[in-house]
Amino acid sequence: MAQTWESRRLRNEREVDNQLIEDMVGLGVQAGRLFVGQSRADENGRRVVPNNRQVRANLSLGVWEQVIKPYFIGTGNEA
């Protein structure tokens with residue numbers, strides 16, 4: 001059966017949406033690993049991320065350099 005232009009467009013849109021969702025889940029996992037890496041055990045043995053300026057700055061820089069920039073901009077230094 002021949003596909004109409006609209007059915008091909010919708011199929012393509014679904015494929016792109018599914019790929020975007022898969023990519024965003026992957027980015028969330030990468031960012032989560034950075035947070036787990038910064039977490040420390042508290043007095044009850046639970047892992048918590050310290051709420052201080054240095055940890056926030058490290059996480060912000062790490063998420064930018066290791067997650068957001070490589071995905072959206074690329075790994076190179078060229079504009």
Side-chain angles (χ1 to χ4, degrees):
M1 174 183 266
Q3 290 185 324
T4 64
W5 180 87
E6 182 67 10
S7 67
R8 286 191 308 260
R9 185 190 68 78
L10 290 172
R11 185 188 70 220
N12 185 49
E13 189 174 315
R14 279 190 301 273
E15 290 172 1
V16 169
D17 286 347
N18 289 338
Q19 183 64 50
L20 183 61
I21 290 168
E22 184 179 316
D23 290 349
M24 293 301 114
V25 168
L27 292 177
V29 168
Q30 287 178 304
R33 287 185 183 132
L34 292 173
F35 278 81
V36 169
Q38 289 289 325
S39 66
R40 304 289 178 256
D42 67 0
E43 63 276 354
N44 297 324
R46 295 178 298 185
R47 305 277 308 171
V48 295
V49 177
N51 186 15
N52 62 51
R53 186 175 295 173
Q54 183 179 2
V55 171
R56 286 193 307 267
N58 288 342
L59 285 172
S60 179
L61 183 63
V63 168
W64 168 252
E65 288 180 343
Q66 298 175 34
V67 180
I68 295 172
K69 184 178 179 245
Y71 181 79
F72 289 102
I73 297 174
T75 56
N77 292 327
E78 296 294 321

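Since this is a predicted model, take the numbers as computed values, not measurements.
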Can you give the donor-acceptor pairs under 3.5 Å from side chains of residues 14-22 to other protein atoms, not counting sequence neighbours?
unit_1	atom_1	unit_2	atom_2	d
N18	ND2	R14	O	3.3
Q19	NE2	D23	OD1	2.9

### Task
Answer with yes or no whether the hydrophobic clustering places L27 together with V25; edges join I, L, V, M, F, W, Y residues whose side-chain heavy atoms lie under 4.5 Å apart.
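Shared cluster, no.
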### Query
How would you list, by chain and number, every residue that makes a salt bridge (charged side-chain N to carboxylate O under 4.0 Å, His left out) with R9, sequence neighbours excluded?
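For R9, the residues satisfying salt bridge (charged side-chain N to carboxylate O under 4.0 Å, His left out) (neighbours in sequence not counted) are E6, E13.
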### Query
With a 4.5 Å limit on heavy-atom distance, are the side chains of Y71 and M24 in contact?
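In short, these two side chains touch, coming nearer than 4.5 Å.
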### Query
For R56, which of V49, N51, L61 qualifies under side chain to side chain contact (heavy atoms under 4.5 Å, CB included)?
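That would be N51; it is the only one of V49, N51, L61 passing the side chain to side chain contact (heavy atoms under 4.5 Å, CB included) with R56.
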Nearest non-hydrogen partners of [X] and [Y], listed with the distance:
{"X": "R40", "Y": "P50", "result": "CG-CG, 4.1 Å"}
{"X": "L34", "Y": "L59", "result": "O-CD2, 3.6 Å"}
{"X": "Q66", "Y": "Q30", "result": "O-NE2, 4.1 Å"}
{"X": "A31", "Y": "V67", "result": "N-CG2, 3.9 Å"}
{"X": "A41", "Y": "R47", "result": "N-NH1, 4.0 Å"}

### Query
In terms of heavy-atom contacts, does CZ of R53 have more than 12 from other residues, nucleotides or ligands at under 6.0 Å?
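Incorrect, the count does not exceed 12.
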### Task
Decide if atom CZ of R33 counts as having more than 12 heavy atoms of other residues, nucleotides or ligands within a radius under 6.0 Å.
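Result for CZ/R33: open.
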### Query
When rounded to the nearest 0.5 angstrom, what distance separates CG in N58 from CG in N52?
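Nearest 0.5 Å value for the CG-CG distance: 8.5 Å.
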### Message
For A57, is there any backbone N or O sitting under 3.5 Å from a side-chain donor or acceptor partner on S60?
### Response
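Flag not set: sc S60 to bb A57 has no pair under 3.5 Å.
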### Message
Has N44 got a side-chain atom pairing as donor or acceptor with R46's backbone, closer than 3.5 angstrom?
### Response
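Not a single qualifying donor-acceptor pair exists.
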